[in-house]
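Only one structure is covered here, and it is reproduced in the block below.
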Amino acid sequence: MTRIVEPRPGYQALSVYRTEARAVEIDLSDNTNLFGSAPSAVASLAQWAAADPARYPTLVTEDLRLALGGWIGVAPDQVVGGCGSNDVLDSTMRALGQPGATLAYTSPTFVMTPHFAAANSLRPVPVETLPNGDPDVDALLATGAPLIYVATPNNPSGRAASQAAILRLLDRASGVVILDEAYTEYTGGTWAREAVARGNVVVTRTFSKAWGLAGLRLGYGIGAANLMAEVEKARGPYKVNAVAERAATAAVRHDQAWLDQLVATTRTMRDSVVRRLADLGFDAGGSDANFIPIRVRDARDAAARLAARGVGVRAFSAAPVVGDVLRVTIGPEPMMSRLLDAIADVPR
Ligand code: PMP
């Protein structure tokens, strides 16, 4: 077996990301858009084979950055593309963090955040959210970390950080703040233009959630042009494949009305499912995203019971602040009915 000569502290202990894959009929575990995909993107995919697959894509997502810049109201050089927002987060940490520096992050949150920090030789330091789910801004700042990560809406709570909390964080942070907006289409707001104006903020976003294009693996970052250039430098050219770039560019240009409708449909269904769960005695409120946290007595046991009935959810056991919760993606009524039937005898 090949030996790794000089193991990096914190790196060797990491493991390859795996989900608890269960054979389920209805997968509500990954917060993707179960209502469908942006139609112009789908049409673009159908035409792809007739394009020119022999050639490389654009060097650094020029076409997509132009479309996104117009959509968000920033310049194309204030946008960077990536292979999912995973990749943008990873590249941002590599580009902007000194090896050994601290990255403070709200806990609980997206599991890959501390992973990417450690993989990039940073020191991830968790800071528990407040009981209401807002980031504990004073505690984040008190770490003195040159890099601070906050997801809004957060995962697994689904809660968007209050405007006051984010403003306070941005006003006082001395280093770089990463705002992960993977689910922000569901809230309607974005800190993207603020990020550009302030110069020390990177917003990350994705086509994996509301746009319904997780299979294409496409995310992006927004921030001041000099920061985006540093992030771009952290990896090679052609990071985003041509199929994904063409499809997402078409969606951004043509599918705003579809997106608005999708968000409205998802929110209405979310509120209805939360109400119906409350009727069954479950507390599942507080989400601003396309998934809900259902508080249960024993998350692992509850997830196993649901899986036995063909419904896959993500279990969080004894997670900081939230305890035992099932994170469940909102989808069309037939899926939600199956969830509500299957969960009825799970201990609250
Ligand atoms: N951020 C958050 C908060 C997420 O929940 C996820 C996906 N679960 C991501 C980022 C990464 O998504 P992607 O790489 O598909 O853009």
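Start at 1 and go down the list; that is how both ligands and their atoms are numbered. Small disclaimer: the values here were computed from a predicted structure and weren't measured.
- The nearest heavy-atom contact from the protein to atom 9 (C) of ligand 1 is F110 CZ, 3.3 Å.
- The shortest contact between atom 5 (O) of ligand 1 and any protein heavy atom is with Y183 OH, 2.7 Å.
- Checked against a 3.5 angstrom limit, the closest N/O atoms of D30 and ligand 1 fall outside it.
- Cation-pi geometry between R205 and Y220 is not satisfied (NZ or CZ under 6.0 Å from the ring centre, within 45° of the ring normal).
- A parallel orientation is assigned to the rings of W258 and W211, their planes being inclined by less than 30° (bins at 30° and 60°).
- Using a 3.5 Å distance cut-off with no hydrogens or angles, the side chains of R276 and S272 do pair a donor with an acceptor.
- No side-chain heavy atom of D180 sits under 4.5 Å from any side-chain heavy atom of Y105.
- Results of the side-chain contact (heavy atoms from CB on, under 4.5 Å) test with M228 over V196, V79, V202 single out V202 as the only residue that passes.
- Summarising the contacts of atom 7 (C) of ligand 1 with K209, R205, R217, M112, the nearest heavy atom is found in K209.
- Nearest approach of I292 to A284, heavy atoms of both residues: CB-O, 3.8 Å.
- Between V74 and Q78, the closest heavy-atom pair is CB-OE1, 3.4 Å.
- Listed by number with element, the atoms of ligand 1 under 4.0 Å from a non-hydrogen atom of S208 are 13 (P), 15 (O), 16 (O).
- Listed by number with element, the atoms of ligand 1 under 4.0 angstrom from any heavy atom of G84 are 14 (O), 16 (O).
- Compare S85, C83, P156 by their heavy atoms: the one nearest to atom 12 (O) of ligand 1 is in S85.
- Taking a 4.0 Å cut-off on heavy atoms, G219 fails to register as neighbouring ligand 1.
- Across the listed options D180, L218, L213, D180 owns the non-hydrogen atom lying nearest to atom 3 (C) of ligand 1.
- Distances below 4.0 Å separate heavy atoms of N155 from the following atoms of ligand 1: 5 (O).
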